[in-house]
Amino acid sequence: VRKNCDIGFAFDGDADRCLAVDEKGNMINGDFLLTICAKALKEAGKLKDDTLVVTVMSNLGLDIAAKREGINLVKTKVGDRYVLEEMLKENYILGGEQSGHIIFLNHNTTGDGLVTALQIAAILKESGKTFSELAGVMKELPQVLVNAKVPNEKKNIYLEDAEIIFNPEKHLDYKPKSDPPTKNQQKAMEKFEAFMDECKMPETNGALNTEEIERDKYGRTIVSGGSE
């Protein structure tokens with residue numbers, strides 16, 4: 001911002017992930033980058049089957065933007081290996097994660113932050129728009145990542161006795177098939193619901209109060225809950 005740059009890029013230690021910053025200093029995560037690239041490739045007639053591969057952790061705003069732009073979404077479990085597997089299976093050329101791990105299969109079979117940065121820079125130059133205008137293709141909706149404390153003896157229960165339910169509110173819920181919630185689990189849920197109520201601001205129609213929320217290194221919200 002101080003240098004009046006049009007765009008900035010940030011990479012992780014081995015540079016397989018890339019995040020960006022627009023000319024106003026706003027962080028642009030992988031969901032935005034994927035949406036921008038998918039839209040540009042579709043318009044150029046280069047996005048196979050008009051399909052983008054993402055994970056279940058993608059923001060609901062990406063779903064809405066993709067539907068508006070006529071882009072099909074294929075969702076996988078969290079992890080770039082699952083994204084790549086799906087891409088290779090159907091020869092899709094673009095996929096990635098919110099974390100900025102993006103795969104351009106025409107260029108590489110793994111995430112490469114430099115390739116991502118070059119692709120985004122090229123799209124920006126060709127568009128003649130500001131980066132904030134390009135990023136406006138998607139609106140990020142409130143998203144919460146909840147860390148649940150699980151006893152060691154039940155650490156594998158998600159593999160043995162669980163259902164993953166995708167509901168309209170874009171939650172990934174762990175739902176045991178047998179017993180109702182324990183007393184401590186119920187307390188944790190009540191604590192979380194109370195926290196969510198406290199974070200609602202009437203003037204923003206229930207949006208999260210970002211000043212009160214802890215975020216991980218990718219900008220996702222973290223709420224810890226568990227036994228007392």
Side-chain angles (χ1 to χ4, degrees), residues 10-19 27 29-31 34 53-63 73-89 95-103 109-111 113 140-200 206-228:
F11 308 98
D12 64 342
D14 58 357
D16 65 343
R17 291 178 172 85
C18 173
L19 298 179
M27 188 185 79
N29 67 31
D31 283 342
L34 284 163
V53 182
V54 296
T55 75
V56 293
M57 280 296 294
S58 61
N59 189 268
L60 182 58
L62 188 152
D63 294 63
L73 291 181
V74 172
K75 296 194 176 183
T76 73
K77 293 186 289 185
V78 177
D80 57 280
R81 59 171 291 187
Y82 301 111
V83 173
L84 179 59
E85 285 177 2
E86 188 65 34
M87 293 175 70
L88 291 173
K89 184 169 68 176
E97 301 181 275
Q98 189 181 77
S99 63
H101 194 286
I102 299 176
I103 302 171
T109 55
T110 186
E140 187 173 33
L141 300 182
Q143 182 175 12
V144 176
L145 178 63
V146 180
N147 294 329
K149 294 181 180 179
V150 180
N152 192 56
E153 63 271 16
K154 293 185 178 181
K155 65 181 180 181
N156 293 322
I157 195 170
Y158 75 99
L159 295 173
E160 303 161 356
D161 185 22
E163 295 177 5
I164 297 297
I165 298 176
F166 299 85
N167 64 37
E169 289 76 31
K170 186 56 180 180
H171 291 123
L172 299 178
D173 296 332
Y174 166 72
K175 184 178 181 181
K177 296 178 181 177
S178 52
D179 300 332
T182 64
K183 183 177 180 180
N184 284 336
Q185 288 173 332
Q186 186 64 40
K187 284 183 178 180
M189 287 189 286
E190 291 173 357
K191 185 176 181 180
F192 173 65
E193 290 171 358
F195 172 82
M196 292 299 290
D197 288 338
E198 291 175 3
C199 289
K200 290 180 179 178
L208 293 179
N209 184 347
T210 56
E211 293 182 355
E212 299 178 12
I213 299 176
E214 178 186 358
R215 294 184 180 277
D216 67 8
K217 63 181 180 180
Y218 303 125
R220 296 181 303 223
T221 306
I222 299 176
V223 181
S224 297
S227 303
E228 295 183 349

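Note: hydrogens, waters and symmetry copies are ignored here, and every other heavy atom, side chains too, is used.
Proximity of a side-chain donor or acceptor of D80 to a complementary backbone N or O of L84 within less than 3.5 Å is not detected.
Taking the side chain as every heavy atom from C-beta outward, R81 and E85 approach each other to under 4.5 Å. Counting heavy atoms from C-beta outward, L73 and L62 have side chains that approach closer than 4.5 Å. In this structure the side chain of V54 never reaches within 4.5 angstrom of the side chain of V83, judged on heavy atoms. Between C18 and I102, the closest side-chain pair of non-hydrogen atoms is not below 4.5 Å.
The two residues T55 and G79 have their closest heavy-atom pair at CG2-N, 4.2 Å. Nearest heavy-atom pair, G95 versus M87, reported as atom, atom and distance to 0.1 Å: N-CE, 3.5 Å.
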field: Verdict with reasoning, V53 to T76, per side-chain contact (heavy atoms from CB on, under 4.5 Å)
entry: CA-CA 8 Å; V53 182; T76 73; 3.9 Å; yes

task: Apply side-chain contact (heavy atoms from CB on, under 4.5 Å) to V78 and E97, showing your working.
output: CA-CA 8 Å; V78 177; E97 301 181 275; 3.8 Å; yes

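No hydrogens or angles considered: a donor-acceptor pair under 3.5 Å links the side chains of D31 and Q98.
For the atom pair CD of E140 and CG of N29, the computed distance is 5.0 Å after rounding to the nearest 0.5 Å. Put simply, CG on L19 and CG on D12 are 8.5 Å apart, with the number rounded to the nearest 0.5 Å.
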